[in-house]
Each structure stands twice: as C-alpha cells, then as structure tokens.
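Within every chain, numbering begins at 1; the chains are lettered A, B, ... in the order of the sequence lines, protein sequences first and strands thereafter.
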2 protein chains.
Amino acid sequence: MHTFVLNINMQKRITIKDIAFELNVHHSTVSRALRNDQRVKEETRELILNYAREHDYQTNMNALQLRGKTNNTIALIVPNINHNFFSDIVSKLTNLGYANGYVISVFQTNEKYQLEREIINTIIKYNFAGVIVSIAKDTLQCDHFALLKKYAIPLVFFDRICEDILTPKVKINNFEITAEITEYLIKKGYKKIVHLTGTTNINVFRDRQNGYESMIRNYEMEYKNSLQVSDDFTVEVGKDIFMKLWRQSPRPDAIISSSVHLTIGILVEARSLGVQIPKDLGIITFGRIVSSEIIEPQITFIDQQESEIAQLSFELLVKMIRHEIQLGESIEKIVRSQIIYKSSC
Amino acid sequence: MHTFVLNINMQKRITIKDIAFELNVHHSTVSRALRNDQRVKEETRELILNYAREHDYQTNMNALQLRGKTNNTIALIVPNINHNFFSDIVSKLTNLGYANGYVISVFQTNEKYQLEREIINTIIKYNFAGVIVSIAKDTLQCDHFALLKKYAIPLVFFDRICEDILTPKVKINNFEITAEITEYLIKKGYKKIVHLTGTTNINVFRDRQNGYESMIRNYEMEYKNSLQVSDDFTVEVGKDIFMKLWRQSPRPDAIISSSVHLTIGILVEARSLGVQIPKDLGIITFGRIVSSEIIEPQITFIDQQESEIAQLSFELLVKMIRHEIQLGESIEKIVRSQIIYKSSC
DNA sequence: ATATTTAATACAAACGTGTGCAAAGATAAA
DNA sequence: TTTATCTTTGCACACGTTTGTATTAAATAT
C-alpha cells in the first residue's frame with residue numbers, strides 16, 4: 001500500500017466532467033455547449049457556459065490535440081535575439097500572429113546546433129501548428145528539419161536556410177547587394193576592401209562572399225580579403241578583428257561588415273587609434289545601428305527589410321497550415337534589401 | 001456518406017502502438033522499454049529501441065501530459081525584446097534552461113494587456129511547467145496571474161511585477177538607485193532635473209519616481225518635473241519629448257531617462273540643436289547603450305544586472321517546480337543595480 | 001387513442017501513453 | 001514429479017476531449 005501526500009496547493013484543474021457532474025448532465029453535453037453546438041437546449045447551454053465562466057474553465061489542449069485537433073501555436077526559431085535583425089522580426093511576427101489568431105512561441109538557439117535539434121524535437125512532441133526558422137551558424141546538417149516534414153509540420157525558412165530541404169524560403173538578395181556595395185566602394189576609389197562575414201556553411205554569408213568576390217574579379221582588384229568570422233558577432237570580437245586587420249600590411253582601406261555588432265567594435269577601435277572615417281577607412285554595414293544618428297560620421301548601411309521578411313514568412317506558413325501550399329513545395333521569395341547612403345564611405 | 005480525402009503528405013505520426021504491432025509485442029512493453037524499465041528483457045528492449053530510433057519515434061507529449069506527467073517547458077513572458085534589458089535576460093534564461101534540461105519558450109506581449117491575458121490562457125491550456133513574467137505597461141489588473149496559481153502553475157515575476165499576487169519576485173533597487181543618481185546630479189550642481197519615466201501603474205516607474213521625488217524634497221529643490229511617458233519607449237518618442245522640454249521655460253539642465261531608446265532620441269535632438277553635454281545638459285540613463293563607446297561624450301548609466309536577475313528568477317522558478325518553494329510564498333529578491341560613471345554629467 | 005417526427009440528452013469509443021495487476025513462462029528448489 | 005520463486009509479457013483502465021449513434025422525452029400528426 002502506498003500513501004499519497006497531496007500537496008496542499010495542488011489543485012486538480014476543472015474539467016468538462018466536473019462541470020457535467022455538478023450540473024447533472026453528461027459531459028458530452030457540456031462539450032457541445034462549450035463548442036456552441038445547436039443540438040443543446042438554450043437553457044442548459046446558458047447554465048453550462050455560466051458555470052464554466054465562473055470557474056475559469058480552460059480547455060485542456062493536450063486532450064484536444066490527442067483527439068487530432070489542430071492548434072494555433074507557431075514556433076519561431078532564431079539564432080539569437082540580441083541582434084536587431086532578429087528581434088525586429090520576432091516583434092513583427094508576434095504582432096502578425098496575434099492579429100490572426102495565432103500564438104507565437106519564440107525559441108533561441110544561441111547559434112547552437114544541438115539546442116536547435118532539441119527545440120525541433122520539442123516542437124514535434126508538442127505538435128505545433130507550424131515553424132518559422134532561421135538556422136544556427138553551427139548547423140551543417142539538416143536532418144532535424146526533414147523530421148519536421150515527416151511529422152507533417154509546416155516549415156518556412158527565412159534568411160538563413162537549409163538549401164536541401166524542400167519547403168518555402170524567404171531570403172534577401174545577399175549576392176546582388178554585396179556585389180553592389182563592393183562596386184560602390186571600388187568606384188569611390190577604395191583599393192583594399194575587406195569583406196567581413198560568417199561561416200560559408202550558411203547561405204547568407206556564402207552568398208555575400210560570392211557577391212564580393214565576383215565584383216573584386218570584375219574590376220580585377222589585386223587586393224581580396226574575405227574574412228570568415230567563426231566567433232559570435234559581438235562588439236568585442238569586432239574590436240579584435242579590427243586590431244588584427246590594422247596591424248596587417250597592407251592595411252585595408254575599407255570594410256564591409258556583415259554585422260552591426262562587429263561594426264561597432266571596429267568603430268570603437270578605429271576611433272581610439274584616430275583612424276579617420278571615411279578618409280582612412282570606408283565602412284558599410286549590414287543592418288541599422290540603433291543609435292546611428294548620434295554616431296559621427298553616420299554609417300552607410302544595408303536595410304534588410306525585416307518587416308517584409310516577417311510578413312512573407314508568416315503568409316507562407318499560414319498558407320501551408322491551411323493546406324493552400326503543399327508540404328514539400330519549394331517556393332523561394334527574395335526580398336530586395338536597400339543601401340541607405342550615409343557618410344562613412 | 002462522406003468521402004475523406006487524405007492529403008498525400010499527411011503522415012500519421014508513429015506511435016508506441018505502431019511499434020508494438022510491428023514487433024508483435026504489447027504496447028505496454030514498448031512503453032516500458034522506452035522508459036528503461038528493468039522489467040523488460042534485454043533482447044526485446046534492444047529490438048524496440050532500435051526500431052524506435054530508426055523510425056524517429058517521438059513521444060507524444062499531449063498523451064503524456066494527459067496521463068498527468070509534468071513537463072520541462074518554461075514560459076518566459078516579456079513586454080518586448082527590442083530593448084536590451086529584456087533581450088539580455090531572454091538570452092541568459094535560454095542558456096540556463098538548456099543547461100538544466102528545460103526548454104524556454106518566449107512570449108512577447110508588446111506591452112498589451114489583452115495579449116498578455118491570452119498568453120496566460122495558452123500557458124494554462126498547454127500546461128507549462130512554470131512561468132517567468134515581466135508585465136506589460138497596460139496591465140492594471142492581475143486576475144490572469146491569479147488564475148495561474150489556481151491551476152497550480154509556478155510563477156515568478158521579475159522587474160515589472162504585480163504587487164498583489166503572492167509569489168516570488170525579483171526586482172532591482174529602483175527607489176534607492178534613482179534617489180542616488182538624483183542626489184549625484186544635485187551635488188554636481190544641476191538645478192533643474194527632469195525625471196523621464198513610464199506610467200506609475202508599474203512598480204518600476206513608480207519606485208523610480210518616488211526615489212527622484214524624495215531626493216528633490218530632501219534638497220528642497222524648487223524645480224521638480226517627473227514626466228510619465230505613456231507612449232512606447234522609442235527613439236522617435238525620445239526626440240519629441242526632448243523638443244518639448246527644450247521649448248519649455250525654464251529649460252531643464254539635466255535628464256534622468258528610464259530607457260535607452262528615449263535617451264538616444266534625446267541625444268540626437270540635443271546634438272542637432274548644438275546642446276553641449278554635460279555643460280548645457282546632464283544625462284543619466286537606465287541601461288547600457290550598445291554602441292556606448294563610440295558616443296561622445298560617453299553616457300553615465302545604470303547597470304541593471306540583467307544576468308543576476310535572470311539567474312535568480314530561474315532558480316526561484318525551478319525551486320517552485322520542485323516544490324521546494326510553496327506556491328503562494330512571497331519571496332522578494334532585490335538585485336542591486338550599479339551606477340557606471342562616464343562623462344555625461 | 002396511437003404513430004411519427006423532432007428535439008435533447010446519454011452512451012461509448014477513440015486519440016497515445018503509463019502502470020497496477022494478472023498471467024504466463026522460465027528457472028530453481030524440494 | 002510438484003512446488004516455489006523470479007522474469008517477462010499481456011490486459012485493462014485512466015487521463016480530458018470530441019463525435020457518431022442510440023436513447024429518451026417532447027411535440028406533432030394521424
């Protein structure tokens with residue numbers, strides 16, 4: 001015999017059966033009343049609804065889903081939310097979700113493949129209605145996303161994507177825009193342009209590198225330096241990189257930075273060394289610096305159209321959830337990013 | 001008669017019963033094998049585990065929870081994640097969760113009471129293991145949190161809290177630190193100090209206002225101006241406020257700002273008007289500006305110890321989940337924030 | 001009056017899992 | 001051989017819902 005000690009706070013949650021018992025009806029009647037089935041008499045419906053309201057009845061989603069009902073929860077997976085690119089998208093998506101009756105649940109991988117995998121498993125286990133993902137830098141293998149498809153959970157990639165998974169994707173024109181700014185710098189007279197980017201395992205950074213290199217080739221520049229930063233994109237890392245670059249010979253005379261945080265690090269050290277921008281060093285960065293207006297000189301940057309990315313991703317996912325788009329379909333939307341010209345080059 | 005068209009992609013998820021059927025054992029045996037019950041023969045266990053692995057079996061959490069099992073998902077609710085204060089905490093908590101076997105699911109209220117309510121309902125419906133919350137500015141009523149307690153879901157407040165809900169809370173010393181910086185400004189010779197804060201419905205802003213006012217009273221200053229900003233804390237709003245303040249007579253000679261975004265707005269407009277900092281205007285802000293090091297002059301700010309807030313909140317919640325802290329217990333932890341002295345006053 | 005339709009409710013099965021208990025099979029002891 | 005102990009597996013129910021069908025009660029028609 002086993003004695004069970006009930007925690008004094010432990011409240012059994014009120015169920016449809018409890019209501020049925022109290023009101024002397026069958027629980028199926030309660031269920032129908034709550035779901036506004038016409039088959040239940042006005043009078044009893046009122047009774048049931050009132051009781052439910054008074055006792056704060058909440059549907060048990062676990063039971064509901066077990067019955068095979070779909071739900072309204074969307075998972076959003078991002079590498080991190082410290083960077084404005086992602087936090088802007090999270091914000092926008094939260095609002096879109098709310099306006100359309102979905103609840104957005106945000107997961108952060110911190111750029112870790114392992115955590116990403118675990119999150120995907122959790123999503124499957126809990127049977128989310130859909131997933132919107134931008135993958136971690138660590139992610140070389142995409143099996144876990146294939147798993148999602150196996151379990152028939154709609155999936156949309158944005159920005160950082162897995163090429164080999166057939167599913168809707170939203171990207172920006174990384175190749176073209178990077179080629180464009182590289183050309184812009186060349187035409188401005190810069191000769192030694194460094195391209196600062198992430199691991200080329202990720203489409204975003206690979207495309208940017210290719211865009212940079214293609215233009216360097218076009219203009220037959222003799223200086224070519226596409227630097228892949230494997231560390232996290234932090235201000236500190238930006239400082240380190242700049243110091244190393246500046247000690248090199250020949251020194252670069254322009255930098256294209258893939259990340260705002262790196263850019264800030266560069267600016268800090270440049271200032272401390274008295275490096276003049278844009279005279280000694282030209283700079284263009286992906287993404288807006290929050291305090292851009294009080295930085296002298298203001299930095300030319302690439303507006304990544306976060307809002308549009310969020311909008312498109314959301315629309316695609318909802319269509320998948322509604323079966324208006326098939327599960328294996330591979331739609332690719334390209335968002336055109338824009339150069340915002342300031343005075344840093 | 002109703003014909004049912006099965007979506008070609010629609011895969012029934014593999015269950016414990018499927019495995020049982022394929023391997024000619026009872027599903028209870030499969031269940032035991034998967035949970036490493038010693039009662040199942042080594043040989044069959046191997047068979048089952050292999051089959052499960054090969055077919056990517058994932059436990060159905062809905063079924064599991066329906067059986068009354070607890071889970072490992074923690075909900076984190078924040079007003080927004082655009083502000084570094086919150087995004088830092090989200091980051092830290094995600095890592096803590098991961099390290100301790102929990103999955104953190106982040107919800108953003110966008111400062112909206114209604115959305116906050118809905119999120120709480122979702123959390124109850126899905127039966128999360130626990131919740132960590134910083135409330136929205138709109139939130140005047142706290143019934144929804146009482147509901148959480150009713151459903152026996154552990155709850156920890158941090159930073160912005162509901163006073164009347166008895167549950168663990170983690171705050172910073174808003175009153176003391178604001179009093180301290182007010183005194184600091186007074187001693188520096190500033191005579192007309194404006195305090196820029198949020199609605200006093202929220203403890204954080206109320207405490208800060210009280211701290212400011214108490215010190216203004218102590219020193220019998222004749223200028224007193226605690227301004228409650230009801231709009232979102234954005235750079236644009238910061239600009240507007242500064243322009244209004246600067247047109248007033250008498251002009252303020254110092255500003256205490258509750259938000260980094262407001263501060264940036266102020267700095268932008270101050271610069272455009274040629275206002276000298278700290279000579280014409282002193283400034284202190286709550287929270288670090290990401291690009292602080294390249295802003296001239298550097299801004300004195302209050303370090304809110306996000307990391308410690310996250311750590312304490314997490315520990316408290318986990319203790320509640322483990323029943324080491326009772327559900328109604330009202331523990332209050334105060335984190336001591338610190339002034340980081342720079343040259344803006 | 002009885003037969004027929006309609007409205008309202010009850011019954012039972014199912015979703016996927018875990019678990020106490022019974023049953024069967026195997027091994028050891030008598 | 002029988003009996004006792006131990007190991008392994010099967011059975012059945014429960015969790016909270018929904019829903020097709022059966023049942024009852026009420027209303028209408030004959």
(message) Using OP1 and OP2 only, check whether a side-chain N or O of A/K41 sits under 4.0 Å from C/dT6.
(response) no

(request) Report yes or no: do B/Q65 and B/N71 form a side-chain donor-acceptor pair below 3.5 Å? (result) yes

(message) Distance check needed: D/dT21 P versus A/R32 CZ, whole Å only.
(response) 12 Å

(message) Judged by each residue's nearest nucleotide on DNA chain D, which is more toward the 5′ side, B/A63 or B/S28?
(response) B/S28

(message) Can you see whether B/T167 engages B/E329 through a side-chain donor-acceptor pair at a distance of less than 3.5 angstrom?
(response) no

(request) Kindly say if A/K69 contacts the phosphate of D/dT19, meaning a side-chain N or O under 4.0 Å from OP1 or OP2. (result) yes

(request) Would you mind reading off the distance between B/R39 atom CZ and C/dT19 atom P, rounded to a whole angstrom? (result) 10 Å

(request) Dot-bracket notation for DNA chain C is requested: 5' to 3', Watson-Crick or G-U wobble pairs only, both distances under 3.5 Å, with ( ), [ ], | and . as defined. (result) ||||||||||||||||||||||||||||||

(message) Looking at the base of D/dT8, is there any donor atom on it, or on the side chain of B/H26, that sits under 3.5 Å from an acceptor on the other one?
(response) no

(message) Heavy-atom nearest nucleotide on DNA chain D for B/L66 versus B/T29: which residue maps closer to 5'?
(response) B/T29

(message) Main chain of A/A33, side chain of A/D37: is a donor-acceptor contact present, judged purely on distance under 3.5 Å?
(response) no

(request) To the nearest Å, give me how far apart CD (A/E42) and P (C/dA8) are. (result) 10 Å

(request) Indicate whether the side chain of A/E315 and that of A/Q311 have a donor and an acceptor atom separated by less than 3.5 Å. (result) yes

(request) Quickly work out the A/I16 CD1 to C/dA14 P distance and round it to whole Å. (result) 20 Å

(message) For a 4.5 angstrom cut-off between non-hydrogen side-chain atoms, does B/L34 reach B/I16?
(response) yes

(message) Strictly below 4.0 Å: does A/T44 bring a side-chain N or O up to OP1 or OP2 of C/dT9?
(response) yes

(request) Please determine if a side-chain N or O atom of B/T15 lies less than 4.0 Å away from the OP1 or OP2 oxygen of C/dG16. (result) no

(message) Check this one for me: any side-chain N or O of A/R13 less than 4.0 Å away from OP1 or OP2 of D/dC15?
(response) no

(request) Measure from the side-chain heavy atoms of B/V40 and tell me the nearest of D/dT9, C/dG18, C/dG16. (result) D/dT9

(message) Just N and O in the side chain of B/Y57: are any of them under 4.0 Å from OP1 or OP2 of C/dG16?
(response) no

(request) Would you mind reading off the distance between A/N60 atom CG and D/dC15 atom P, rounded to a whole angstrom? (result) 12 Å

(request) Examine C/dT19: is either OP1 or OP2 under 4.0 Å from a nitrogen or oxygen in the side chain of B/R35? Give yes or no. (result) yes

(request) Can you tell me the distance, in whole Å, between the CG atom of A/N127 and the C1' atom of C/dT17? (result) 15 Å

(message) When you compare the side chain of A/L140 with that of A/Y113, does any pair of heavy atoms fall below 4.5 Å?
(response) no

(request) Could you tell me the separation between the CG atom of B/L34 and the C1' atom of C/dT19, rounded to a whole number of Å? (result) 15 Å

(message) Is the phosphate of D/dG16 approached by B/Y126 (side-chain N or O, under 4.0 Å from OP1 or OP2)?
(response) no

(request) Spell out yes or no: do the side chain of B/R67 and the base of C/dG20 have one donor N/O and one acceptor N/O closer than 3.5 Å? (result) no

(message) I want to check something: taking the side chain as every heavy atom from C-beta on, are A/E324 and A/V318 in contact at a cut-off of under 4.5 Å?
(response) no

(request) Mind calculating the distance between NZ (B/K17) and P (D/dT9) to the nearest angstrom? (result) 19 Å

(request) Assess the pair A/F145 and A/F157: is the distance between their ring centroids shorter than 6.0 Å? (result) yes

